[in-house]
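Order of listing sets the numbers, starting from 1, for every ligand and every atom in it. A quick note: this is a predicted structure, and the numbers were derived from the prediction, not measured.
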Amino acid sequence: VPSGRCVPIAVSDTVTVPGLLGDLSPDELRAQLHRMADWVADYRASLGERAISPSAVPGEIGGRLRAADWEDSTPLEQILRDFDQIVMPGILHWGHPAFLGYFGSTSNGPALLGEIAAAALNVSAMTWKTSPAATEMEATVLDWVRELIGIPDTFFGVVYDTASIATLHALAAAREQAGAEIRRRGLAGRSDLPTHRIYASDQAHSSVEKAAIVLGIGEENVVRIQTDDDFRMDVASLREAIDLDIRAGHRPLAVVATVGTTSTGAVDPVPEIRDLCNSRSIWLHVDAAYGGAFGALEEGRWAIAGMEDADSIVVNPHKWLFVPLDFSALYTRHPEILRSVFSLVPEYLRGDTTTSGVPDYMDYGIQLGRRFRALKAWMVFRSFGRNGIVSRIREHCRLAQVFASWIDADQSFVRAAPVTMGIVCFRYQPDGIEGEEGDALNETIVDAVNAGGRTYLTRSRLNGRVVMRIGLGNVLTTEEHVAKAWQEIRSQSERIGARTSGESSLGLRVAAP
Ligand SMILES: Cc1ncc(COP(=O)(O)O)c(C=O)c1O
């Protein structure tokens, strides 16, 4: 065979594949789907009784999975048995009603049905022509989320997988707007470019740095602005940082304001940040990945004030609008800029684009192939209804307040941040255990609670100190679950705290986990 040449396949080279080209027959598929439906329903029904955390050791599951022979076809029975015996024991049950870690990413019946149908259809919503219904449903659910939150209809929306990717796209548009023709000319080897700077609070999500890394702006050029006692961006410090940079010849590209920070749900003062951005011609991106949903409540409107004048906004329905992973919505007032960064139509797609006013979503992002994500969102939104969504969010906020009141009533605990949304940060701080010793104690408690399998929480660091954190968002979580979680946290804290005081009096340090 001459090297570097494509060799046409000879007929005799073709292999024989089983009937139906290896797929299940329609009857077998039906039977297996029924079985899987039972499995899914049983799983959902029994979620609350399961141990949340697996006891897996790193590498163990992979080792067992790789040990399987996949040279030839494996009967489905065996594959499902392996799923049950190898995979299931390694699952951290995010959907458990007492899983209070991160944000309560939630699955639910309507979403599951949408996912199944989307998997069966397996269309790619890259252009309107390649999937008219997926494209128009995407536009519809984007409108619904926009209206729910109170974002004006001057904003154009597009769905990505995650907020990290949405922010990356928003900042790429901000970079393009700055006029340095980076799409066309790139960054490398250019002496005409100033240092680009992005500003975000010290509480902003790490996705801002990730975007800066990818966009060639550089991690160091994300300027972290200090926050006030309530973890909100300090606008005077922002102004100072921007003006200092301008005097140094840098180019401020964008400010990322957060509505609902990851650790505490704090809301940056967007109206003041907006005024500052307007006065210096800087792109304002609002990360409302979590907190946008709060704007759906009458009592949450204050949190989205000023967002209507932002250049771009990200909202994650997969955080608090009951759409399972992944589904993130980016809105921008400048779709033409986003499009000017990402639209690139190769010959083999030219016949698939449209000029009739409906979007070809491939023009607004890096991805070409795009899942039919809108279907699960549409099923959830129609099934829950706008009112149902609002009342679920309101209930989560109530549960957070109830939990916070328990913290406040217990002298051994302190609340570490104001509770505005569905997040509560707190610290176990019995008499005499403070500083790093207290940090180690709180970390040990989180690990012990999680290892117990009855509830799950995460930790963060505020004002330099480790805190425990719960995040509400699961449709299945009730006050009873939160109460049991609190009991568990308390009893583990007391148990470990007592041990720690004993060790401390002997001069021993609590070992960090
Ligand atoms: C405020 C905020 N922004 C962005 C993100 C990133 O979200 P994603 O996982 O969708 O990239 C998070 C995740 O927790 C977040 O809390």
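- Aromatic ring orientation, Trp283 versus His334: tilted (interplanar angle from 30° to 60°).
- The closest protein non-hydrogen atom to atom 12 (C) of ligand 1 is His205 CD2, 3.2 Å.
- Taking a cutoff of 4.0 Å between a charged side-chain nitrogen and a carboxylate oxygen, Arg373 and Glu115 do not qualify as a salt bridge.
- Note: Asn474 CG to Trp94 CH2 = 11.5 Å, rounded to the nearest 0.5 Å.
- Residue-ligand proximity, His318 to ligand 1, at heavy-atom distances under 4.0 Å covers atoms 10 (O).
- Atom 9 (O) of ligand 1 has its closest protein heavy atom at Lys319 NZ, 3.9 Å.
- Counting only heavy atoms of the protein, atom 11 (O) of ligand 1 lies nearest to Ser164 OG, 2.5 Å.
- Panel note: side chain Arg146, backbone Ile151; a donor-acceptor pair is recorded below 3.5 Å.
- Within the 4.0 Å heavy-atom criterion, the part of Asn316 lying near ligand 1 is the side chain and not the backbone.
- The distance from the CZ atom of Phe156 to the OG1 atom of Thr154 is 13.0 Å, given to the nearest 0.5 Å.
- Residue contacts with ligand 1 for Thr162 involve both N, CA, C or O and side-chain atoms from C-beta outward (heavy atoms, distance under 4.0 Å).
- With a 4.0 Å heavy-atom cut-off, ligand 1 is reached by the side chain of Phe103 but not by its N, CA, C or O.
- Among protein heavy atoms, the minimum distance from atom 2 (C) of ligand 1 is reached at Asp287 OD2, 3.4 Å.
- Looking only at distances, no side-chain donor or acceptor of Arg415 sits under 3.5 Å from a matching main-chain atom of Phe426.
- For the pair Arg469 and Phe103, the cation-pi criterion (under 6.0 Å, within 45° of the ring axis) is fulfilled.
- Taking the six-membered ring for Trp and thresholds of 30 and 60 degrees, Phe384 and Phe322 have ring planes inclined between 30 and 60 degrees apart.
- Listed by number with element, the atoms of ligand 1 under 4.0 angstrom from any heavy atom of Gly260 are 1 (C).
- Taking every non-hydrogen atom of Ala289 and a distance limit under 4.0 Å, the qualifying atoms of ligand 1 come out as 2 (C), 3 (N), 4 (C).
- When non-hydrogen atoms are compared, ligand 1 lies under 4.0 Å from the backbone of Ala163 as well as from its side chain.
- Thr262 OG1, 3.3 Å is the protein heavy atom nearest to atom 15 (C) of ligand 1.
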